[in-house]
**Q** 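Take this structure, written in structure tokens, and hold onto it; I'll ask about it next.
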Amino acid sequence: MVNNAGVNNEKDWEKTINVNLTSVIRGTYIGLEHMSKKNGGQGGVIINISSLAGLTPAAYQPVYSASKHGVIGFTRSIAALASIGNYGVRINTVCPAFVDTPLLETIEKEENMGEFYQYKDKLKDMMKCYGVLDPSLIAKGMVSLIEDESSNGAVMKITTSRGIHFEDFGAHQTTKI
Ligand SMILES: NC(=O)C1=CN([C@@H]2O[C@H](COP(=O)(O)OP(=O)(O)OC[C@H]3O[C@@H](n4cnc5c(N)ncnc54)[C@H](O)[C@@H]3O)[C@@H](O)[C@H]2O)C=CC1
Ligand SMILES: CCCCC/C=C\C=C\C(=O)C/C=C\C/C=C\CCCC(=O)O
């Protein structure tokens, strides 16, 4: 199961939270209800789509960034629970940088960008600087996560400079305490 739907809308930012985060949480819980071996399911893999903006501050997309940070936090937490509870379900996050899809066109729209519309050229410069990925690379990353039976709670990053790679949270998967 892939929870992929997402929007970029800083003007209607509640919608951004609802689509990008609330629906990912709801989708994951519904998926687990059917897939978890604890409920008589056959197990499987859930992938939640976040973004590189879920790992770094995004000055002109604060709520988009918050929603994507939330996806990572929720997914890593529920993955830990799935492992402890022997659900037989692996749950991972994918964080692409800019990808060539219609979502990028929202940068040009005041109805999506709201007060941040004034910064659209800065975002376009970022895209020029970092490049824009072909969607096929995201599909390749997802297939590898599905096939790698050891992956659970992984945060896959996909960028033009480093390709498909993983965020390293250290052996204990926690921040320094
Ligand atoms: N394009 C990019 O640069 C990046 C995109 N992402 C994420 O990838 C995911 C896919 O986005 P893209 O394909 O790029 O954008 P897109 O705009 O091409 O596709 C988004 C999809 O979400 C669906 N959707 C939106 N609101 C919905 C709702 N309320 N109910 C059901 N479906 C809904 C749309 O119908 C559309 O098919 C999103 O979660 C996005 O945040 C992550 C990093 C970079
Ligand atoms: C910063 C968000 C820009 C909003 C534009 C609309 C949609 C973009 C969706 C994304 O999820 C873009 C993803 C990442 C951007 C954040 C950082 C780029 C750094 C790239 C790199 O280091 O390779």
Side-chain angles (χ1 to χ4, degrees), residues 1-31 34 45-76 78-79 91-146 151 153-169:
M1 175 192 198
V2 179
N3 290 306
N4 175 62
V7 295
N8 170 44
N9 196 325
E10 294 294 323
K11 196 163 191 173
D12 186 354
W13 58 263
E14 289 97 337
K15 177 178 177 176
T16 297
I17 295 291
N18 284 336
V19 177
N20 293 8
L21 179 57
T22 308
S23 71
V24 168
I25 295 171
R26 187 166 287 128
T28 303
Y29 282 144
I30 292 170
H34 292 276
V45 186
I46 298 175
I47 296 177
N48 290 336
I49 305 299
S50 176
S51 160
L52 219 58
L55 288 163
T56 62
Y60 318 121
Q61 311 294 136
V63 176
Y64 181 84
S65 176
S67 70
K68 295 302 187 177
H69 274 76
V71 169
I72 295 172
F74 170 74
T75 306
R76 294 182 67 216
I78 212 75
I91 314 170
N92 297 297
T93 316
V94 174
C95 299
F98 297 113
V99 189
D100 187 11
T101 73
L103 192 78
L104 294 185
E105 292 161 20
T106 58
I107 291 171
E108 303 276 3
K109 296 180 182 159
E110 195 278 334
E111 68 262 32
N112 288 80
M113 297 293 285
E115 64 181 291
F116 306 107
Y117 180 70
Q118 59 183 304
Y119 300 111
K120 69 177 165 46
D121 291 334
K122 288 188 184 290
L123 286 169
K124 285 196 227 161
D125 287 347
M126 276 175 71
M127 280 185 221
K128 272 192 205 133
C129 172
Y130 292 114
V132 176
L133 297 159
D134 190 274
S136 62
L137 191 62
I138 317 308
K140 191 176 167 194
M142 291 203 281
V143 169
S144 77
L145 270 180
I146 291 164
S151 68
V155 178
M156 175 182 278
K157 299 190 282 184
I158 309 179
T159 61
T160 52
S161 55
R162 295 183 62 195
I164 295 169
H165 59 292
F166 290 90
E167 181 74 350
D168 182 6
F169 292 100

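Remember, it's 1-based here, ligands and their atoms both numbered in the order they're listed.
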**Q** Do me a favour and list the nearest non-hydrogen protein atom to atom 17 (C) of ligand 2 with residue, atom name and distance?
**A**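 Heavy-atom neighbour on the protein nearest atom 17 (C) of ligand 2: Met126 CE, 4.1 Å.
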**Q** Less than 4.5 Å apart, side chain to side chain, heavy atoms only: is that true for Glu110 and Lys11?
**A**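 Glu110 vs Lys11: side chains touch.
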**Q** When you measure from atom 33 (C) of ligand 1 to every protein heavy atom, which one gives the shortest distance, and what is it?
**A**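 Going by distance alone, atom 33 (C) of ligand 1 is nearest to Ala5 CB, 3.6 Å.
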**Q** Can you tell me the protein heavy atom closest to atom 18 (C) of ligand 2 and the distance?
**A**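 Looking only at protein heavy atoms, the one closest to atom 18 (C) of ligand 2 is Phe98 CE1, 3.9 Å.
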**Q** Out of Leu103, Val132, Ile49, Leu104, whose heavy atom is nearest to atom 15 (O) of ligand 1?
**A**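 Looking at heavy atoms only, Leu103 sits closest to atom 15 (O) of ligand 1.
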**Q** Evaluate the side-chain contact (heavy atoms from CB on, under 4.5 Å) criterion for residues Leu104 and Phe98: first the C-alpha distance (whole Å), next the side-chain angles of each, then the deciding distance (0.1 Å), finally the verdict.
**A** CA-CA 8 Å; Leu104 294 185; Phe98 297 113; 3.8 Å; yes
**Q** Thr101 heavy atoms, cut-off 4.0 Å: which ligand 1 atoms fall inside?
**A**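 Contacts of ligand 1 toward Thr101, numbered from 1: 1 (N), 12 (P), 13 (O), 14 (O), 15 (O), 18 (O).
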**Q** Do me a favour and list the nearest non-hydrogen protein atom to atom 9 (C) of ligand 2 with residue, atom name and distance?
**A**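 Nearest protein contact, heavy atoms only, for atom 9 (C) of ligand 2 is Tyr64 OH, 3.2 Å.
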**Q** Are Ser151 and Met156 close enough that some pair of their side-chain heavy atoms sits under 4.5 Å apart?
**A**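 They are not in side-chain contact.
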**Q** Can you confirm, on distance only, whether ligand 2 has an N/O atom lying under 3.5 Å from any N/O atom belonging to Thr159?
**A**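 No, Thr159 has no N/O under 3.5 Å of an N/O on ligand 2.
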**Q** Hey, is atom 29 (N) of ligand 1 under 4.0 Å from any protein heavy atom?
**A**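 Within 4.0 Å: yes, protein heavy atom nearby.
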**Q** Can you find a pair of side-chain heavy atoms, one from Val7 and one from Asn20, that are under 4.5 Å apart?
**A**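 Heavy-atom side-chain distance check passes, below 4.5 Å.
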**Q** List every atom of ligand 2 that sits less than 4.0 Å from any heavy atom of Asn8, numbering the atoms from 1 in the order shown and giving each element.
**A**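 This gives 6 (C) as the contact atoms.
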**Q** Is atom 19 (O) of ligand 1 in close reach of the protein, with a heavy atom under 4.0 Å away?
**A**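 For atom 19 (O) of ligand 1 the answer is no, since every protein heavy atom stays at 4.0 Å or beyond.
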**Q** Distance alone, cut at 3.5 Å: any donor-acceptor contact between the side chains of Thr106 and Asn112?
**A**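 Checked: Thr106/Asn112 side chains show no N/O donor-acceptor pair below 3.5 Å.
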**Q** Number the atoms of ligand 1 from 1 as they appear, then name those within less than 4.0 Å of a heavy atom of Val19, with their elements.
**A**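 With Val19 as reference, the close atoms of ligand 1 come out as 26 (N), 29 (N).
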**Q** Provide the number and element of each atom of ligand 1 under 4.0 Å from a heavy atom of Tyr64.
**A**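 Listed by number with element, the hits are 6 (N), 40 (C), 41 (O), 42 (C).
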**Q** Side chains of Asn92 and Phe166: closer than 4.5 Å at any heavy-atom pair?
**A**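 Answer no - side chains too far apart.
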**Q** Measuring from atom CD of Glu115 to atom CD of Glu10, what distance do you get when rounded to the nearest 0.5 angstrom?
**A**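 These two atoms lie 8.5 Å from each other.
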**Q** Against heavy atoms of Leu123, which atoms of ligand 2 measure under 4.0 Å?
**A**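 What qualifies from ligand 2 is 3 (C).
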**Q** Can you name the atoms of ligand 1, numbered from 1 with element, that are less than 4.0 Å from a heavy atom of Phe98?
**A**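 Atoms satisfying the 4.0 Å criterion: 3 (O).
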**Q** Report yes if the side chains of Glu111 and Asp12 come closer than 4.5 Å at any heavy-atom pair, otherwise no.
**A**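 No. Closest side-chain heavy atoms not under 4.5 Å.
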**Q** side-chain contact (heavy atoms from CB on, under 4.5 Å) between Thr28 and Met1: does it pass, once the steps are laid out?
**A** CA-CA 8 Å; Thr28 303; Met1 175 192 198; over 6 Å; no
**Q** Taking atom CZ as the centre, does Phe169 end up with more than 12 heavy-atom neighbours from other residues, nucleotides or ligands that are less than 6.0 angstrom away?
**A**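 Check passes, neighbour count above 12.
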**Q** Among all protein heavy atoms in this structure, tell me which lies nearest to atom 43 (C) of ligand 1, with the distance rounded to 0.1 Å.
**A**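 Among all protein heavy atoms, the one nearest atom 43 (C) of ligand 1 is Pro96 O, 3.3 Å.
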**Q** So which protein heavy atom does atom 13 (C) of ligand 2 come closest to, and at what separation?
**A**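 Result for atom 13 (C) of ligand 2: Ser51 OG, 3.2 Å.
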**Q** Using a strict threshold of under 4.0 Å (side-chain N to carboxylate O), is an ion pair present between Lys124 and Glu108?
**A**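 Salt bridge: yes.
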**Q** Taking the six-membered ring for Trp, are Phe74 and Tyr29 parallel (under 30°), tilted (30 to 60°) or perpendicular (over 60°)?
**A**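 Aromatic pair Phe74/Tyr29 classed perpendicular.
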**Q** For the OG atom of Ser50 and the NZ atom of Lys157, what is their distance to the nearest 0.5 Å?
**A**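 Rounded to the nearest 0.5 Å, the OG-NZ separation comes to 11.5 Å.
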**Q** Below 4.0 Å from any atom of ligand 1, is there a heavy atom belonging to Lys68?
**A**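 Yes, Lys68 has a heavy atom closer than 4.0 Å to ligand 1.
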**Q** Suppose I only count heavy atoms of Val7 and a 4.0 Å limit; which atoms of ligand 1 are within that range?
**A**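 Near Val7, the atoms of ligand 1 are 25 (C), 26 (N).
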**Q** Look at atom 16 (C) of ligand 2 and say which protein heavy atom is nearest, naming residue and atom and giving the distance to 0.1 Å.
**A**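 Ranked first by proximity to atom 16 (C) of ligand 2 is Ala53 N, 4.1 Å.
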**Q** Counting only non-hydrogen atoms of the protein, does one fall under 4.0 Å from atom 39 (O) of ligand 1?
**A**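 Under the 4.0 Å cut-off, atom 39 (O) of ligand 1 does have protein heavy-atom neighbours.
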**Q** Of the backbone atoms (N, CA, C, O) and the side-chain heavy atoms from C-beta on, which set of Ser65 has a member under 4.0 Å from an atom of ligand 2: side chain, backbone, both, or neither?
**A**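 Neither part.
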**Q** Got Val71 and Leu21 here, is their nearest side-chain heavy-atom distance under 4.5 Å?
**A**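 The answer is yes; the side chains approach within 4.5 Å.
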**Q** For ligand 2, indicate whether the residue Tyr60 contacts it via side chain, backbone, both or neither (heavy-atom separation under 4.0 Å).
**A**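 Neither part.
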**Q** Closer than 4.0 angstrom: is that true for some heavy atom of Thr160 and an atom of ligand 2?
**A**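 No, Thr160 has no heavy atoms under 4.0 Å from ligand 2.
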**Q** Against Val94, only a single residue in Ile49, Val155, Asn4, Ile164 fulfils side-chain contact (heavy atoms from CB on, under 4.5 Å); can you say which?
**A**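 With Val94 as partner, side-chain contact (heavy atoms from CB on, under 4.5 Å) holds for just one option, Ile49.
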**Q** Mark up the atoms of ligand 2 that fall under 4.0 Å of a heavy atom belonging to Pro96, in ascending order.
**A**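 Close to Pro96: 13 (C).
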**Q** Using a 4.0 Å cutoff against the non-hydrogen atoms of Leu52, which atoms of ligand 2 qualify?
**A**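 This gives 14 (C), 19 (C), 20 (C), 21 (C), 22 (O) as the contact atoms.
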**Q** Do me a favour and list the nearest non-hydrogen protein atom to atom 7 (C) of ligand 2 with residue, atom name and distance?
**A**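 Nearest protein contact, heavy atoms only, for atom 7 (C) of ligand 2 is Leu103 CD2, 3.7 Å.
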**Q** Should one rank Ala97, Ser23, Ser51 by closest heavy-atom distance to atom 44 (C) of ligand 1, which comes out on top?
**A**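 Going through Ala97, Ser23, Ser51 one by one, Ala97 has the nearest heavy atom to atom 44 (C) of ligand 1.
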**Q** Just one of Val45, Thr93, Ile47 clears the side-chain contact (heavy atoms from CB on, under 4.5 Å) bar with Leu145, so which one?
**A**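 Running side-chain contact (heavy atoms from CB on, under 4.5 Å) over Val45, Thr93, Ile47 with Leu145 returns exactly one hit, Ile47.
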**Q** Nearest 0.5 Å, please: how far is CG in Leu123 from CD1 in Ile107?
**A**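 Answer for the CD1-CG pair, Ile107 versus Leu123, is 5.0 Å.
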**Q** Nearest heavy atom to atom 42 (C) of ligand 1 wins, so pick from Gly6, Ser50, Ala53, Gly54.
**A**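 Minimum heavy-atom distance to atom 42 (C) of ligand 1 goes to Ser50.
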**Q** Residue-level breakdown please: for Val99 versus ligand 2, do any non-hydrogen atoms fall below 4.0 Å on the side chain, on the backbone, on both, or on neither?
**A**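 No part of Val99 is near ligand 2 at this cut-off.
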**Q** For atom 24 (N) of ligand 1, is there a protein heavy atom at a distance under 4.0 Å?
**A**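 Yes.
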**Q** Taking distance alone, with no angle check, do Val99 and ligand 1 share an N/O pair under 3.5 Å?
**A**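 Between Val99 and ligand 1 (N or O atoms, distance only) the closest approach is under 3.5 Å.
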**Q** Do any N/O atoms on Tyr130 end up under 3.5 angstrom from N/O atoms on ligand 2?
**A**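 No; every N/O pair is 3.5 Å or more apart.
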**Q** Hey, which atoms in ligand 1 end up nearer than 4.0 Å to a heavy atom of Asn4?
**A**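 Checking each atom against Asn4, I get 9 (C), 10 (C), 38 (C), 39 (O).
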**Q** If we count only non-hydrogen protein atoms and require a distance under 4.0 Å, does atom 36 (C) of ligand 1 qualify as touching the protein?
**A**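 So far as the 4.0 Å threshold goes, atom 36 (C) of ligand 1 is out of reach of every protein heavy atom.
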**Q** Among all the protein's non-hydrogen atoms, which is closest to atom 2 (C) of ligand 2, and how far away is it?
**A**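 Its nearest protein heavy-atom neighbour is Gln61 CG, 3.3 Å.
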**Q** What is the closest protein heavy atom to atom 8 (C) of ligand 2, and at what distance does it sit?
**A**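 For atom 8 (C) of ligand 2, the nearest protein heavy atom is Leu104 CD2, 3.9 Å.
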**Q** With the side chain counted from C-beta on, respond yes when Leu133 and Thr160 share a heavy-atom pair under 4.5 Å apart, and no when they do not.
**A**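 Of all side-chain heavy-atom pairs linking Thr160 with Leu133, at least one is under 4.5 Å.
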**Q** Are the side chains of Pro62 and Trp13 in contact, using a 4.5 Å heavy-atom criterion?
**A**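 Side chain of Trp13 against side chain of Pro62, heavy atoms only: no contact under 4.5 Å found.
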**Q** Just by modelled atom types, is the Gln61 backbone N or O under 3.5 Å from a matching donor or acceptor in the Ser65 side chain?
**A**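 Looks like no, no N/O pair under 3.5 Å.
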